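On a predicted model such as this, the values are computed, not experimentally measured, just so you know. The chains referred to below are lettered A, B, ... by the order of the sequence lines, with proteins before strands, and numbering in each begins at 1.
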There are 2 protein chains.
Amino acid sequence: MAIDFLYFNTYHVAVDCIIFGFDEEGLKLLLCKRSFDPEKGKWSLMGGFLNPEESLDQAAQRVLTRITGLKDIYLEQFDVFSDVSRDPAARVVSAAYYALIKIGDYSNDLIAEFGAKWWPVSQYPELIFDHGQMVEEALVALRLKAKQEPIGFELLPQFFTIRQLRSLYESIYQTQLDPGNFRKKILSMKLLDQLPIKDKENSKRGAYYYEFNQQRYERFKSQGFLFEM
Amino acid sequence: MAIDFLYFNTYHVAVDCIIFGFDEEGLKLLLCKRSFDPEKGKWSLMGGFLNPEESLDQAAQRVLTRITGLKDIYLEQFDVFSDVSRDPAARVVSAAYYALIKIGDYSNDLIAEFGAKWWPVSQYPELIFDHGQMVEEALVALRLKAKQEPIGFELLPQFFTIRQLRSLYESIYQTQLDPGNFRKKILSMKLLDQLPIKDKENSKRGAYYYEFNQQRYERFKSQGFLFEM
DNA sequence: GCAAAAGTGTTGCTTCTACACCCATGG
DNA sequence: CCATGGGTGTAGAAGCAACACTTTTGC
């Protein structure tokens, strides 16, 4: 029966990545300007074709490393796009991933090389093919994930203030959160370590920096602790 | 640049379906015995290859209709499996779906034809390839989904008692739920219509049958109502 | 009447929410 | 000293979990 595989069709298989970042202005999206036809000059997601010796996860990591210069990026596959005519040039089945990166780690040198630009998630340009739909689905998947796992820390620098963390969640859910209540809820989870350093840029009094304690999270999780936002 | 597509590799693309059902005994899984090599005689999921004129969703529906005789089945794509050696016979990229069907609607005639059998989710045989991993991931995805959307009704007959619904959730989450509290919580959502009929099989007093009101759910949802279990 | 499941009510506890209210400090 | 954000406290509401209790009816 193995020979029967020959009778089945084969397809181009690709990955497309929605790259999320976060800064003072809010949640951002890294898009690039296509340098080739079709749709040259239009904005699109970062993507690439699957190589024979790699899995889709590996392909996505490869694409992201090439574009950002970073390794071991947080990645989640959230859907596969397979409409017959989604890419007018050829039949391409594309696995869609979202990636979370610390925006400060991203090398600006690479922006020029790929014609890349950070866009606010609430205001990004029209994208080619079904990439706009991918972005919207990625946002839904991100919002869902953020309620179940502390992924926020993938988007923040190693040291951050409670204000920054709150601002991130406000940006993800497009809502306002009560500063006092947010602080109490987050700190009650005991996943943050306070550092003896303060950020004095945003207030006279200064706000302590905190650090996410990954070990404690893993320990809690293995004991049945549930992160719920 | 379009010509460059020719230089890229192509792959076999498939769908695999985890078919969930529910009866008095609990949550079940429909598996079939492979009638061809490799791995002939072993248990596997239902699957099939992608056809050129269809999307993956359509391929999954086609596979399910062939096997169950049903149309418009509830389907969710939850992951893509793409390890290089996951299928020893060929490189196959497979989109994994879970399906929810009303077990009573499933034609038993088709069981013989495909060598299919319902298995309890807590006790199913060893499966070929990475199908066991697919089942476990499907269960995680199902548990997550069941907290966000009232998918339970896809698994129950049109008319059901609160006891049946509770038993379904107990089966999905492998836990015991307080009958009184469960009833109050479910009814407080106002998504069920009580019918003037009782089930007298499971108690002397009899339990009212209820029906899920899809219209009311859609209306609530569009007004920002959140189903949360 | 007894058993057993259906269905209702109650109570105490935890959590959430909307604030009020100090604290610290640069200007 | 004042404006501003950091950080803490609190009272009322809401939700939840455990469990008592009442209803119904076949046996």
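- In this structure, the CG atom of A/Asp199 is 14 Å from the C1' atom of C/dA24, given to the nearest Å.
- If you check the side chains of A/Tyr209 and A/Glu211, you find no donor sitting under 3.5 Å from an acceptor.
- In this structure, the NZ atom of B/Lys185 is 10 Å from the P atom of D/dG15, given to the nearest Å.
- Atom pair A/Leu177:CG and C/dC19:P shows a separation of 15 Å (rounding to whole Å applied).
- Between the CD atom of A/Gln176 and the P atom of D/dG5 there is a distance of 13 Å, given to the nearest Å.
- At a cut-off of 3.5 Å, with distance as the only test, a side-chain donor of A/Asp16 or A/Ser94 sits close to an acceptor on the other residue.
- Of the listed nucleotides (D/dT23, D/dG5, C/dG26), C/dG26 has the atom at the smallest distance from the side chain of A/Lys204.
- If B/Arg183 and A/Arg205 are placed on DNA chain C by their nearest nucleotide, the residue sitting closer to the 5' end is B/Arg183.
- Per the geometry, CD belonging to A/Glu201 stands 16 Å off C1' belonging to C/dG27, to the nearest Å.
- Following rounding to the nearest Å, B/Phe182 (CZ) and D/dA17 (P) show an atom-to-atom distance of 13 Å.
- As judged by a 4.0 angstrom heavy-atom cut-off over every strand, A/Lys184 is placed among the base-contacting residues.
- Between A/Asp193 and A/Arg216 there is a salt bridge, with a side-chain nitrogen of the basic residue lying less than 4.0 Å from a carboxylate oxygen of the acidic one.
- At the heavy-atom level, B/Asp178 lies under 4.0 Å from base atoms of the strands shown.
- Side-chain contact between A/Lys184 and A/Asn181 is present, with heavy atoms from C-beta onward closer than 4.5 Å.
- A straight line from CG of B/Asn181 to P of C/dG9 spans 14 Å, rounded to a whole angstrom.
- Between the NZ atom of A/Lys200 and the C1' atom of D/dG5 there is a distance of 12 Å, rounded to whole Å.
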